[in-house]
Amino acid sequence: DWLTTLPNLNTVLHAIFISANAVEFFYTKLKQHGIRWPTTIQTTAIGKASASALAKWSISVDHIPSSADSEHLLQVDALQAVEGQTILLI
């Protein structure tokens with residue numbers, strides 16, 4: 001189960017969600033296992049569908065790239081200096 005490899009969420013600075021399906025799968029599993037999402041994690045949604053899915057789970061989105069692709073994702077200001085940070089790609 002991938003939950004055993006999940007880092008301590010209190011050490012995560014940033015989470016990037018790549019699809020609405022990923023959001024649903026991830027948060028459903030967290031809920032099933034009673035794992036709470038820290039409000040300190042900066043959240044990036046790759047696009048509007050991912051952002052909408054996050055909103056359904058009451059997760060605020062801090063960043064959305066101008067276009068839903070990897071090139072624009074890598075231009076997000078919060079992802080410019082990530083050395084030493086724990087970032088989840090979901």
Side-chain angles (χ1 to χ4, degrees):
D1 192 357
W2 59 267
L3 281 174
T4 61
T5 63
L6 193 64
N8 177 340
L9 293 179
N10 292 315
T11 67
V12 174
L13 180 65
H14 206 105
I16 301 167
F17 290 87
I18 61 167
S19 73
N21 286 337
V23 170
E24 292 302 321
F25 181 80
F26 183 78
Y27 282 104
T28 297
K29 279 288 197 184
L30 289 186
K31 184 176 180 181
Q32 288 172 350
H33 292 284
I35 299 172
R36 297 188 61 197
W37 184 254
T39 58
T40 55
I41 297 176
Q42 293 182 42
T43 304
T44 296
I46 191 68
K48 293 178 183 178
S50 299
S52 293
L54 286 160
K56 289 178 186 175
W57 288 95
S58 300
I59 303 299
S60 58
V61 176
D62 300 297
H63 312 281
I64 302 175
S66 58
S67 290
D69 59 40
S70 58
E71 288 182 35
H72 289 89
L73 173 64
L74 293 174
Q75 294 175 4
V76 170
D77 287 340
L79 300 175
Q80 297 309 302
V82 297
E83 186 175 342
Q85 296 178 9
T86 302
I87 299 173
L88 291 179
L89 180 61
I90 304 161

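Since the model is a prediction, treat every value here as computed from it, not as a measurement.
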With a 4.5 Å heavy-atom cut-off, do [X] and [Y] have their side chains touching?
{"X": "Val12", "Y": "Pro7", "result": "yes"}
{"X": "Leu30", "Y": "Leu3", "result": "yes"}
{"X": "Ile46", "Y": "Pro65", "result": "yes"}

Ring pair (Phe, Tyr, Trp, His ring centres under 6.0 Å) pairs, two or more places apart, involving residues 59-90: His14-His63

Gln80, CD atom: more than 12 neighbouring heavy atoms under 6.0 Å: yes

Linked, directly or transitively: Leu74 and Ile64 (ILVMFWY side chains, under 4.5 Å): no

Cluster overlap Phe25 with Trp37, hydrophobic side-chain contacts below 4.5 Å: yes

Ile18 CD1 to Phe26 CZ distance, which is reported to the nearest 0.5 Å: 12.5 Å

Which residues pass the side chain to side chain contact (heavy atoms under 4.5 Å, CB included) test with [X], sequence neighbours left out?
{"X": "Ser19", "result": "Asn21, Ala22"}
{"X": "Asn8", "result": "Asn10, Thr11"}
{"X": "Leu54", "result": "Phe17, Val23, Tyr27, Thr43, Ala45, Ile59, Val61"}
{"X": "Thr28", "result": "Gln32, Trp57"}

Trace of the side-chain contact (heavy atoms from CB on, under 4.5 Å) decision for Leu79 with Ile16: CA-CA 10 Å; Leu79 300 175; Ile16 301 167; 3.9 Å; yes

Sequence neighbours excluded and cut-off under 3.5 Å, please list the side-chain donor-acceptor pairs for residues 83-90, or say none.
from: Gln85; atom 1: NE2; to: Ala81; atom 2: O; distance (Å): 2.9

